[in-house]
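Input: a single structure, listed below in structure tokens.
Below, chains carry the letters A, B, ... as their sequence lines are ordered, and counting in each starts from 1. Note: hydrogens, waters and symmetry copies are ignored here, and every other heavy atom, side chains too, is used.
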There are 2 protein chains.
Amino acid sequence: MIEHPRRPTLVDVAEHAKVSLATVDRVFNRRPGVSARTVERVERALAKLGYRPDPAAVRLARGIHFNFCFVLPTGSNSFMSELAKQVEQSIAWLQDQNVTGELIRVDVFDPQVLAEALRGLVGRCHGVAVVALDHPVVRDAVDELVRSGIHVVTLVSDIPGSKRHRFIGIDNSAAGRTAATLMGRFIGPRTGKIGLIAGSLILRDHAERLFGFQQVIGSEFLALAPLPPLQGHDSARQCRLLAEKLLRDHKDLVGIYSIGAGNRGIADALVELGRAHDVVFIGHELTEFSRRYLIQGIMDAVINQDPGHEARSASRVLLAQCSGQQMIVDQERIRIDIFLRDNLP
Amino acid sequence: MIEHPRRPTLVDVAEHAKVSLATVDRVFNRRPGVSARTVERVERALAKLGYRPDPAAVRLARGIHFNFCFVLPTGSNSFMSELAKQVEQSIAWLQDQNVTGELIRVDVFDPQVLAEALRGLVGRCHGVAVVALDHPVVRDAVDELVRSGIHVVTLVSDIPGSKRHRFIGIDNSAAGRTAATLMGRFIGPRTGKIGLIAGSLILRDHAERLFGFQQVIGSEFLALAPLPPLQGHDSARQCRLLAEKLLRDHKDLVGIYSIGAGNRGIADALVELGRAHDVVFIGHELTEFSRRYLIQGIMDAVINQDPGHEARSASRVLLAQCSGQQMIVDQERIRIDIFLRDNLP
DNA sequence: CTGAAAGCGCTTACAG
DNA sequence: CTGAAAGCGCTTACAG
């Protein structure tokens with residue numbers, strides 16, 4: 001095997017600059033107490049040799065250890081369960097980087113409870129990833145965490161006005177627009193009504209999807225008339241009742257956009273009333289159910305955010321933040337996935 | 001900050017088992033020369049304390065260093081340029097993991113040249129990622145690399161019959177099926193012909209996309225008639241001429257599927273002949289051009305594989321292979337992305 | 001302002 | 001078969 005040139009170490013730089021290891025370390029890490037002359041000499045050597053520190057050695061020597069908390073909603077729609085599972089896997093990976101991780105589940109629909117839980121984290125960890133609720137009380141709690149020196153990222157659902165360092169999730173109005181374009185083009189030249197079933201319009205992500213959807217339908221598919229949005233509270237049972245009513249009340253219903261969870265109820269209603277194949281049904285999040293509906297042709301498209309990617313991204317971003325490294329921006333951008341029957345993973 | 005329990009080190013295990021560090025190391029790493037009694041005692045301690053090695057310390061102590069080669073085609077369609085750029089970035093990341101990386105560009109369309117280049121790598125590196133050409137001569141070269149102990153992954157374009165350890169890329173027949181479903185549904189109830197322009201059907205990925213596309217059109221969109229596939233050699237100029245001829249010869253052309261590169265030529269032809277908005281145009285790879293065509297409504301959908309993801313994945317997979325670690329399977333699955341105007345990154 | 005030395009968690013010759 | 005010691009590349013008190 002051909003020998004490749006060894007990368008320069010601090011020792012190499014020290015020899016080159018004719019100073020001690022400690023001094024090179026001081027200069028490289030911008031610690032005080034070095035004469036201007038020495039600083040200059042060392043910096044020249046650093047540049048000349050193209051020194052780059054070995055991150056593993058740095059971590060080891062510094063004895064760095066962090067603790068991260070992942071705050072997820074209680075309750076168990078398929079998406080959140082999958083996210084929790086992926087967070088657990090990320091925590092295992094983090095252990096190898098010498099960071100402990102903890103998964104906490106909180107009733108995220110109750111702002112007070114969520115805020116209280118967040119406040120309880122002060123002094124208990126270095127980084128927090130939270131599936132947030134955009135409410136003043138929660139925003140305050142997030143800001144308090146940040147002020148106390150904790151690195152905070154919002155996960156899946158953002159609080160744009162807060163001091164959180166980063167949002168890890170998708171642009172939900174773009175996701176809504178994407179759903180609308182697919183809906184409009186799949187329906188084609190037909191005319192008719194579109195049913196809209198959200199979980200709760202108090203949730204920022206649902207509201208944004210709705211907004212994006214209506215924007216595109218309203219400007220580009222004028223033959224389609226969206227009905228007023230219904231709220232099924234991410235419950236399959238409630239969604240089923242709503243979908244049944246939609247189908248019965250509107251004989252000219254040509255599409256259903258499911259903005260939140262509860263796709264199962266909608267699929268059941270479509271099948272039961274024999275409308276599975278003439279109503280275009282688009283929803284969010286790839287789960288074992290939506291996957292099956294795509295294959296069966298009950299759903300026509302699924303807009304997805306990858307929970308594995310989101311969990312890993314949260315971990316990487318917090319780690320980069322806490323250890324002052326920079327992240328690979330491209331890698332941390334969460335895609336708005338479109339899945340058809342044909343490109344399922 | 002609350003103290004979190006320190007993870008156990010080898011020293012902890014040694015104390016617990018009342019043996020030396022070296023012995024614990026021998027047992028943990030299954031090195032020979034330890035009595036059965038001692039092995040058992042140490043293993044109990046290992047298990048009791050739940051010992052997991054610190055990968056950074058291991059790497060440092062072992063003085064591990066690898067060299068990887070990335071073999072990409074010469075020539076410069078936008079996708080390959082972007083892939084090259086992303087590979088360069090991966091190489092920078094690899095440096096921090098103490099691996100040197102080298103980007104080599106070879107005329108990948110010439111099997112002999114590519115095979116020769118690959119053979120030249122024996123003894124010069126520990127891992128190879130290659131944009132492959134499915135040809136017996138190349139397969140042989142890949143197999144020879146593998147036999148010589150080098151870890152090989154194919155990138156973007158696979159050689160299924162070879163001994164390569166892994167393929168990092170998309171399922172191209174699924175990508176073709178995805179294009180077909182979008183084409184069929186976007187065209188809707190209209191009837192007509194579909195133009196097919198590939199780069200070269202000698203390329204496995206192009207052939208597979210074509211196959212998948214025809215499969216779906218032939219079974220589900222019987223009102224659409226795909227024309228015989230044309231070969232534009234990934235050249236914008238040639239593709240433009242082919243597209244112009246298609247549009248002139250077939251007044252009932254309702255769609256164009258661009259299987260390879262050269263979208264620019266097709267877009268120009270569509271615009272020039274005033275057919276940009278009634279012909280459904282679907283192609284591959286998100287570039288500065290295809291992105292613009294989506295926004296302008298000239299292209300209707302772009303099927304994409306993320307070159308950044310592919311470059312990083314190749315690096316991670318090779319590193320895991322070479323250092324005997326296991327990879328995160330989910331993370332290394334390359335998605336078949338669908339981009340519309342609305343979900344562009 | 002500068003340097004010698006110990007230490008982070010693991011591995012590797014070398015002795016015994 | 002087992003252990004003491006040096007070393008990987010860096011950081012951190014501690015002396016001077």
When rounded to the nearest 0.5 Å, the distance separating NE2 of His126(B) from CD1 of Ile64(B) is 10.0 Å
Answer yes when Arg164(B) and Asp158(B) have at least one side-chain N-carboxylate O distance shorter than 4.0 Å, and no when they do not. yes
Taken to the nearest 0.5 Å, the spacing of Leu83(B) CG from Glu285(B) CD works out to 10.0 Å
Point to revise | N or O in side chain of Thr23(B) less than 4.0 angstrom from dT2(D) OP1/OP2 | key: no
Those residues at least two apart in sequence (or on a different chain) that pass ring pair (Phe, Tyr, Trp, His ring centres under 6.0 Å) with Tyr51(B) are Phe28(B)
Quick tally for nucleotides 4-14 of chain C: nucleotides whose base has a protein heavy atom under 4.0 Å get B, sugar-phosphate-only ones S, the rest -, giving B--BBBBBB--
Any side-chain heavy-atom pair of Asn67(B) and Val99(B) under 4.5 Å: no
Taking Watson-Crick and G-U wobble contacts under 3.5 angstrom, with | marking pairs to another strand and [ ] crossing pairs, the secondary structure of DNA chain C is written |||.||||||||.|||
When the side chains of residues 312-322 of chain A are checked against the rest of the protein, which donor-acceptor pairs come out under 3.5 Å, sequence neighbours left out?
unit_1	atom_1	unit_2	atom_2	d
Ser313(A)	OG	Glu332(A)	OE1	2.6
Ser315(A)	OG	Ala311(A)	O	3.1
Arg316(A)	NE	Glu332(A)	OE1	3.4
Arg316(A)	NE	Glu332(A)	OE2	2.8
Arg316(A)	NH1	Gln331(B)	OE1	3.1
Arg316(A)	NH2	Glu332(A)	OE1	3.0

Residues at least two apart in sequence or cross-chain that pass ring pair (Phe, Tyr, Trp, His ring centres under 6.0 Å) with His16(B), listed by chain then number, are none
Contacts of Phe79(B) meeting ring pair (Phe, Tyr, Trp, His ring centres under 6.0 Å) (sequence neighbours excluded), chain-then-number -> none
Practice prompt. Report yes if at least one side-chain N or O of Thr38(A) is closer than 4.0 Å to OP1 or OP2 of dT2(C); otherwise report no.
Written response: yes
> Between Ser35(B) and dT2(D), does any side-chain N or O lie under 4.0 Å from OP1 or OP2?
Replying inline: yes
